[in-house]
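To start, the structure itself, in structure tokens.
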Amino acid sequence: MANKNLLLIFRNPPFSDSSNRDTLDIALACSAFEIPVSLLFLGDGVLQLIRGQQSKTLQQKNLLNTFNALAMYDIDQLFVLQSDLQRFELIAADLSIDCQLICETQMAKLIRQSDRIINL
Amino acid sequence: MIFSLLIYASQNSGQAEQTALRFSRSALSQGHKIHRVFFYGETVSAISNLKITPRDEIDITRQWLELAASDNLDLVVCIAAAVRRGVLDQQECDRHNRVAANLVAGFNLSGLGQLADAILSSDRLLTFGN
């Protein structure tokens, strides 16, 4: 089998629907199959990375625990648009995990270089 | 070309799954192959024997089965998505000690590894989402 890389795009805010959890599960499964996985947090998707979220009051699982464990799954290609951070008046230090800050042109390149893209 | 399909949309609130079915028919009729159809997320709820489709509406689940019979499709349902929505095969029914299995025969419960395999084994992965 040819080596193919996968880009997963998170677009939805935390606790809105199951798409973030479902996308994260795909990331973990594909990484276990040694598919190189990159994650892009786009638009509202960046909000789920904000540190210190208290999901217990919503009686929901906090995905941040899994995001923080991604390195153990060899998933370290994480991308956030600089313009999205600005839109929400965030800085990189507000995010719970280390992400590469990219511009729209770099995002276009990232998408072009990805063999498979899943955007739930 | 070898395609795989990832179907994520709810059957009841949009026509993405119907589009996926039409795409499959069209691709197969033009000589392409479909390696796997992977059902994930809310779409899984509808693959139940307990679902009643009104007589004057189309039962997409039945249509998948017809296509699978004629073209040997591999219809895989994500097991985690299914059990959390109460769609069980006999094995999961026994494992969780429930009263009945309701997964439509012809569909198979399996893990996300089948999606990973589909990604690796196909020329294109098409997502039919919301």
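Below, chains carry the letters A, B, ... as their sequence lines are ordered, and counting in each starts from 1. Worth knowing before you read on, the calculation uses all heavy atoms, side chains too, and leaves out hydrogens, waters and symmetry mates.
Contacts of L28(A) with chain B are absent, with no heavy-atom separation under 4.5 Å from either backbone or side chain. Looking at S19(A), both its backbone and its side chain come within 4.5 Å of chain B, counting heavy atoms on both sides.
Annotation: side chain of L125(B) is not in contact with side chain of F38(B) (no heavy-atom distance under 4.5 Å). With a 4.5 Å cut-off on side-chain heavy atoms, F15(A) and L63(A) do not count as touching. D76(A) has its side chain out of reach of L70(A): every pair of non-hydrogen atoms, C-beta onward, lies at least 4.5 Å apart. The shortest side-chain heavy-atom distance between Q11(B) and I47(B) does not fall under the 4.5 Å cut-off. Side-chain contact check for I60(B) versus W64(B): some heavy-atom pair is nearer than 4.5 Å. By the 4.5 Å heavy-atom criterion applied to side chains, R22(B) and T19(B) are not counted as neighbours.
The side-chain hydrogen bond (donor to acceptor under 3.5 Å, both in side chains) test applied to R124(B) returns no partner, not counting sequence neighbours. Listed by chain and number, the residues in a side-chain hydrogen bond (donor to acceptor under 3.5 Å, both in side chains) with K33(B) amount to none (sequence neighbours excluded).
Going from atom CD of E42(B) over to atom OG of S13(B) covers 8.0 Å, rounded to the nearest 0.5 Å.
Other residues, nucleotides and ligands contribute more than 12 heavy atoms inside 6.0 Å of the CZ atom of F23(B).
Proximity to chain A among residues 66-94 of chain B is limited to R84(B), R85(B), judged by heavy-atom separations below 4.5 angstrom. Among the residues in residues 32-49 of chain A, those with a non-hydrogen atom closer than 4.5 angstrom to a non-hydrogen atom of chain B are F33(A), I35(A).
Most heavy-atom pairs under 4.5 Å with chain B, from the set L6(A), I117(A), I118(A), D115(A): that is I118(A). Most heavy-atom pairs under 4.5 Å with chain A, from the set L115(B), L6(B), I119(B): that is I119(B).
Note on ring orientation: taking the six-membered ring where Trp is involved, the planes of Y8(B) and Y40(B) are tilted (angle from 30° to 60°).
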